[in-house]
Each structure stands twice: as structure tokens, then as C-alpha cells.
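First the proteins, then the strands, lettered A, B, ... as listed; each starts at 1.
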Amino acid sequence: MKYFIKERRAFLKDKTDISKYIEECGERLSRLCLNLCRNCHDADDLFQDTCLRAVKYYSTFDEKQEFDKWIFRICVNTYKSGLRRLYRLKPKTFATSDEHDEFFRLIPDSDDTATHEEYRELLETVNRLPEKYRTVLVLRYFSDCSEKETARILGMPEGTVKSRLNRAKEIIRKETGRNEK
Amino acid sequence: MKNNSGDEKLDAMLSELFSSEVPEDMQFHMNEADEIRVSVKKSERKITGRIIKTAVACAAAFCIAFPLWYMNSRTGEESTDKNTDSFSDSADPDLLNEFTESSEKYGYDIIPLESSRFYREFSENPFSENTDSPMSAKFNTLSTGLLLYLNLVPYEEYETEGKTLYVRVIDNGNRRIFTQEAYLVSRDKEGRINGIVKTSESISEDEEIILSSANIFKGAENAQAGAENIVSKFLRRNSEVRIDGHLVREAVGAETNQSTETSSACACIRINGELVPFRMTEFCCTVDKKTQKNDDIPEFIKTVRKGEETKFYTVLAYNCTMSNSFRTEIKENTLW
């Protein structure tokens, strides 16, 4: 019984700490969930599942680590685990046209880099990428993580991240090039 | 995107695409603490329950397993293949679900497997003339070789007897291509799946299956010509067969009987991360004559000498190019 009381106290203390941390990286975590799921409802589910897991395993969190990288890793693992199936069940990307418009509002408008149409084309191509390439791509670019950091979050060798990134870009180049023809 | 777009542009676009800040109204927030507490409390209870359940299960398993183990050790029975059988008794629900979903979408070749012992023997000597083995004449060497070549039969990890291999195939009506995606399935007496393993899990994406340079013919034309060249060398009975400069078979002469057979199958492998369909052709030449042993015959040609007969056997892999590849016809490859 003493064990559970101690655990409970520790949990309540942890809970306060983790809420603060989650709030701090909430925007980036939301973005990661949205980028992974491509659907607001599923992304919200993923976000909540990630938080739940983070609270549950917070006692294992090493304070020397960066919290955001730790929770991003949980998020990716949650997505990749059995839950991923649930997030992928709906083949339709957007539930409503409002959601569709809202989502595309996030895509940058025409700027010096590319036109709106090019961004849209890129997004569609990225969405068609095999899961393993897309996950690496999202993680690498959503928070400007280095390849080393991406590898650490995904728990895979840096070389694999590099090769997957290269392969993903290669596919994108090929696809976007082909579409234009 | 323009064709001449550089890496920098793509990098910048990807960065813009994924790193655009999510507006406040679209951000998610952690649900009320109570909900999480309840979930955590439940999980704590579950853990306690699990510990008790596990302890009871372990005790029960020990009570059953110990007498069996004791009796086995007393009788001195050896369990050779069973040592390798770590095939789960219960089907992983996620994998099962994936398998069910996948089976609705893709075609499979369903291959009942024999004992792991056979595959071990086969991998050591694909052209064994061991008549003591009841399975030696039973299998088509090409398809068995192909399955092993693609690492689809996990004969080193699992006892495969009585289990079924479901290999995904790509079929365009004219050609069927084996892929490296496969499930090893076991069923109970009522036919329900009680164990499932995704064999391709052991194949990492970056793993290269290195075909020896001697038996790859690059390009469609070279492939055809290369294989025909080898076959035609054997067909010329009055001249010796030399491959890579090494004497493989001396001239057999008109009075000696010789028969040749070829058969083909297609498969997909990954080479440098690229999915490459290729064709394998099995070639077998039987000479009714005991030929001279030659130690420096290329490794890809197996030679079996038995009595007054010699068999030369090889699998020739044809590396496909995009022009002759079925892959170009796949609009959207969702398998990888």
C-alpha cells in the first residue's frame, strides 16, 4: 500500500510538471500530430494518446534529456504502434471541406520559393510517400531537427535516416517531375 | 515544380510546409487532468492485476512443463527442430488485423511449408542427391530456391512444418512476381489462425541482397544474351564449357547422352534501396558420364557427381531494367 501512496504522490507532482512542459511544446506537438495524421480528428486523438503515454511514463524521463525530443519520440512511436492502424483507417484525408480549406490555409502562399500550386503538389506527393519515408521527412523538417536528432527520436541509425531522406526526396523529385510532363 | 529545381528549393519548400506554425485555434491541448488520472489509475490496477495473473500463469506453466522436461531428460529424447520453434502460440492481433486487411487488397501465393530441416538441407546443397531424404525429389528446386533466396522462409528461427507461407505477388496477367512481403501462418484444428509472423520484418530496408557478379546480366538484352550464352555453351557437346575462364565441363562427345532443362520465375528484391524485379532461370544439365572434378568451377554452378552421371545446376538471375520491368506499370506501389 505504501508503494502506491508514494507512487500516487510522485504522480501528482509529475503531473504538474509535465502539464507545464506539454503546454510549452504544445504547438510543435500539435504540428507533428497534424503532419503525421493529415486529419484533424486523428491528430487530436494522437495528441491525447501521446500525452497520456507521456504522463504514464514520465517517471522514466531523464531530466538531462530535452523534453520536446522525448515527447516527439513518444508521439512517433504511438503513431507507429498499433494505434497507427486506427489513424489510418479513414482513407479520406479531410472530413469536411472546411477542414480541407483550413488545412490548405496552412500551406504557405506563393512566395519567392515556390507557388501555391507547387506547395499543393508537393504536399500531395509527400502524402503518397510510403509511411517510413514520410515519417522521417516530417520529423526532419517540422522542427528543423538535424539528421542526428531525427535519428535519436526515431531510434534508428543516422545512416538509415539519411538514406530514407535521400530516397524520399528522390521520389518527390521524380513524382513532381513526372506530373509536370 | 520545375525540373531544374535544386535541392535547396526542395529543402526550403519542405521546411515551409512542415514548420508553418499551427494557429492557436487549431492547436490541441491536453485533456482534463481527471481523465488522465483515471486512465493512469486504471493502468496501475491493470499492472497489479497483470503481475498476479502472470505469477499464476508462470506457476501453472512450471507445474506442466517441469514434469515434461524431467521425463524428456530421463528418456534422453532429443528435440532438434523444436529448439528453433519460437513461433508464438497466439496470433498478434495487430499483425493478424494487418494480414486480414492486406489479404483483402493483395494477392497471395499460398505455399504449404515442410520441415525446417528440409530448408536447412536445401540451403546447404540445393541439388542434393541424398535419397535418404524423402523430400529431396518432392520440391521444385527453383521455387524453393527462390523462397530461400528472398529470405521468405524463416527456417533458422521457426519450425515450419505444418505452417503456411503467404507470399504477396504482383500480377499483371502476364507475369507473376514474388515479393519479399510474406506471412508465416499456423492454424488450429478448426482452421483459425493461432500464430502469425511477418517474415519480411527481418529484412531491413537497407539490406542488400548481393547477387554474385557472375550471375547478373545487366540490362534486358544482356540478360537474355548472357543466359543464352551459358545455356548454349552446355549445348555444344563437342567443345568444353568454360565460364569466367574456368573449365566446367569437358567435351562430352556424340556418344554420350546429355539432357538440359530450363525453367523461370520472377521475384522482387531491393538493391541499394531500389525495388528491382528480376527473373531467375534455373538451368540443369545432366550428362551420362562421370566428368573430371574441377575445384575452381565458379561458385554459382553446382556440380553433383553420382555414379556414372554428372549434373550441372545453376540459377541465373536476370537483372531487369526499367524498360523491361513490370514495375513501370505499377501506378502506385503501396507495398513498400
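- Judged as a ring pair (Phe, Tyr, Trp, His ring centres under 6.0 Å), not a single pair has a partner in residues 150-175 of chain A (not counting sequence neighbours).
- When each of A:L32, A:N166, A:V138 is checked for heavy-atom pairs under 4.5 Å with chain B, A:V138 comes out on top.
- Heavy atoms only, all atoms of each residue included: A:N35 and B:F18 are closest at ND2-O, 3.2 Å.
- When heavy atoms are compared at a cutoff of 4.5 Å, A:L29 does not approach chain B at all.
- Crowding of A:E158 atom CD: a count of heavy atoms from other residues, nucleotides or ligands under 6.0 Å exceeding 12.
- Once rounded to the nearest 0.5 Å, the distance linking CG of B:D11 with CZ of A:R140 reads 6.5 Å.
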